[in-house]
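Side chains are part of it too, since the values below use all heavy atoms of this structure and drop only hydrogens, waters and symmetry mates. Treat the numbers as computed from the prediction; the structure is a model and nothing was measured.
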Protein chains: 2
Amino acid sequence: MSPRVSKEHLKQRRADIMEAATSVFIEHGYEHTTMKHVMEAANVSRGGLYQYFANKEDLFEAILEEGINQEAEESDFSLEESASQYWTLLMKLMFGEDGSPDANMDPLAPSKLEFFITGRNNERRRTYGEKRYEMGVSIYAEIIKSGQESGEFSARYDSELLAKSIITFVDGLALDHAILPEEKVSVKEQSELFVDYLKMALDVSSSS
Amino acid sequence: MSPRVSKEHLKQRRADIMEAATSVFIEHGYEHTTMKHVMEAANVSRGGLYQYFANKEDLFEAILEEGINQEAEESDFSLEESASQYWTLLMKLMFGEDGSPDANMDPLAPSKLEFFITGRNNERRRTYGEKRYEMGVSIYAEIIKSGQESGEFSARYDSELLAKSIITFVDGLALDHAILPEEKVSVKEQSELFVDYLKMALDVSSSS
DNA sequence: TATTATATCGACATTGGTGTCGTTTTGCAA
DNA sequence: TTGCAAAACGACACCAATGTCGATATAATA
């Protein structure tokens, strides 16, 4: 009755594998990475790898969840505490900490798209995708709604619909950028234009 | 020196295979369809199939090209002849013949997304994707620019950037709709909202 | 009708990836 | 130290898909 190694070590090993796997997924994409790729990148044997993850899907989902956790703690949000400035909050949510449009995209985004698109006929995967979508929509919608109720935003448009439009924009940009270089897509310029649009739709005139 | 069958027949057979293949791609998606699926759907033997198409990629590209041809001849455009009404033209281009937002999406769209995303590390495929993107952008940009020059549209925003934004929207919508049912995505409502936005950006007040 | 070019067929060898399982190694506790 | 539970290993059997190739069937010609 003695585990070979401490739980610490196990957690660490698992984390290491996930990190190595992440870079593999970034390089090859979801569909084209194989467990062998991961084995090599993580310096782990076949059997060793399968001890931690049942298969590629399991591994990728673990990485996805990990990502959610990280985001959650990074932006453990000033939340509604930073009151009144819902616009700033919205911008931070869209573009990260500095809150202004840039050309930085999540390097894992293309793999995520693959994962959900190619898995759209898989019940489990689709359900999971829906959950994430709803989650994303509700986060944006909540902020917008709060802003509208506080009077900071115009209530001309439905908050939920605006939230979905934001997601559509983000997804569309991620998709195009997954295939094309950012200059061709004009990521930054498109983002700025979209922000302009949001300002109109929400009647915000902030110049920051 | 006599072919076994007429060229007519060969064309026809090829077309039949492509049609059958299309429905297979729609059902299973690009990555998950196999040549065997196509063989069965098209009632053709392995050897027979490979006589017409070297592999799955070749087959899918043929379908893509076919699609472009069809679109081109469908909308062999009143073009700049239907002059002055660039807005109508724009709407037709986005939403098809009736020119108003609906929830109809190209059923092959999800497979197309797969094809380009999963092939983003393939030189040939990426180049092809870029060509199609540029093509799409230039079509929209041209109409917008014409409208701006004719005075029908405001020239406040760069036509190229607006064109890219349209593509981003369309792609984003296709992506989300590939995974989620259209009610969840609110395809029609989002489209209407986007059209509103375009009206603002182009200073169009048409109520049609 | 006989001939022949070739369209079509389907069996096959090959490939590449998966998940398992018996063996070996190793860190911790006694 | 020593014993052991389980972590790590890697060979292996399996499977699904691919592209090829020699054999066969058949439509046009002569």
Side-chain angles (χ1 to χ4, degrees), chain A residues 1-21 23-25 27-63 111 114-115 118-119 121-122 124-125, chain B residues 1-21 23-25 27-63 111 114-115 118-119 121-122 124-125:
Chain A
M1 60 206 40
S2 60
R4 189 201 145 194
V5 294
S6 65
K7 288 215 165 181
E8 279 314 308
H9 180 59
L10 289 190
K11 283 258 178 203
Q12 188 53 47
R13 193 84 208 268
R14 189 180 153 94
D16 288 346
I17 293 176
M18 283 169 62
E19 192 180 333
S23 61
V24 174
F25 281 126
E27 182 177 353
H28 296 290
Y30 179 76
E31 285 294 324
H32 293 158
T33 79
T34 70
M35 289 305 247
K36 199 171 178 203
H37 289 147
V38 176
M39 284 160 50
E40 283 156 9
N43 270 337
V44 94
S45 70
R46 187 160 212 87
L49 177 54
Y50 275 87
Q51 185 116 7
Y52 288 90
F53 302 97
N55 48 46
K56 189 170 69 168
E57 184 173 18
D58 185 35
L59 171 56
F60 194 75
E61 282 181 16
I63 291 174
S111 296
E114 267 185 66
F115 180 75
T118 62
N121 286 336
N122 178 290
R124 173 181 159 62
R125 203 112 123 216
Chain B
M1 58 207 36
S2 60
R4 188 202 147 193
V5 294
S6 65
K7 289 214 167 181
E8 280 313 306
H9 180 61
L10 290 190
K11 283 258 178 201
Q12 188 54 46
R13 193 86 209 269
R14 189 180 153 96
D16 289 346
I17 292 177
M18 283 170 62
E19 192 180 332
S23 60
V24 174
F25 281 127
E27 183 177 352
H28 297 290
Y30 180 75
E31 285 293 326
H32 292 158
T33 80
T34 70
M35 289 305 246
K36 200 174 178 199
H37 288 147
V38 177
M39 284 159 51
E40 284 157 8
N43 271 337
V44 94
S45 70
R46 187 161 212 88
L49 177 54
Y50 275 89
Q51 185 114 4
Y52 288 90
F53 302 97
N55 48 46
K56 189 169 70 167
E57 182 172 19
D58 185 35
L59 171 57
F60 194 76
E61 282 180 16
I63 292 174
S111 295
E114 268 183 65
F115 179 75
T118 62
N121 287 334
N122 178 291
R124 174 180 158 61
R125 203 113 123 214

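- Distance, B:His9 NE2 to C:dT6 P: 15 Å, rounded to whole Å.
- Closest of all the heavy-atom pairs between A:Val44 and A:Leu49 is CG1-CB, 3.6 Å.
- Considering every non-hydrogen atom in both A:Phe53 and A:Asp58, the closest pair reads CA-OD2, 3.5 Å.
- Relative ring orientation between B:Phe115 and B:Tyr30 is described as perpendicular, the plane-to-plane angle rising above 60° on a 0-90° scale split at 30° and 60°.
- For the pair A:Leu59 CG and C:dT18 C1', the computed distance is 14 Å after rounding to whole Å.
- A donor-acceptor pair shorter than 3.5 Å can be found between the side chains of B:Thr118 and B:Glu31.
- Using a 4.5 Å heavy-atom threshold, the side chains of B:Arg13 and B:Gln51 count as separate.
- The separation between A:Arg13 atom CZ and D:dA7 atom P is 11 Å, rounded to whole Å.
- For A:Tyr52, the side-chain atoms get nearest to D:dA8 when compared with the rest of C:dT18, D:dA8, D:dT18.
- Minimum atom distance to the side chain of A:Leu10 is reached by D:dA7, of the listed C:dG19, C:dT8, D:dA7.
- Nucleotide C:dT18 holds its P atom 14 Å from the CG atom of A:Asp58, rounded to whole Å.
- Listed pair A:Gln51 / D:dA8 fails the phosphate criterion, with no side-chain N or O lying under 4.0 Å from OP1 or OP2.
- Atom C1' of nucleotide D:dC15 and atom NZ of B:Lys36 are separated by 12 Å, given to the nearest angstrom.
- For A:Asn55, counting side-chain heavy atoms from C-beta on, the closest listed nucleotide (C:dG17, C:dC9, C:dG19) is C:dG19.
- A straight line from OH of A:Tyr50 to P of C:dC21 spans 13 Å, rounded to a whole angstrom.
- Note: CZ (A:Phe53) to C1' (D:dA7) measures 15 Å, nearest angstrom.
- Counting non-hydrogen atoms of other residues, nucleotides and ligands closer than 6.0 Å to CD of B:Glu19 gives a total of 12 or fewer.
- Across all non-hydrogen atoms, the minimal contact from B:Asn121 to A:His28 is ND2-CA, 3.9 Å.
- Regarding B:His32, its NE2 atom lies at a distance of 12 Å from the P atom of D:dT18, rounded to whole Å.
- Within residues 37-49 of chain A, the residues having any heavy atom under 4.0 Å from DNA chain D are, by residue number, A:Val44, A:Ser45, A:Arg46, A:Gly47, A:Gly48.
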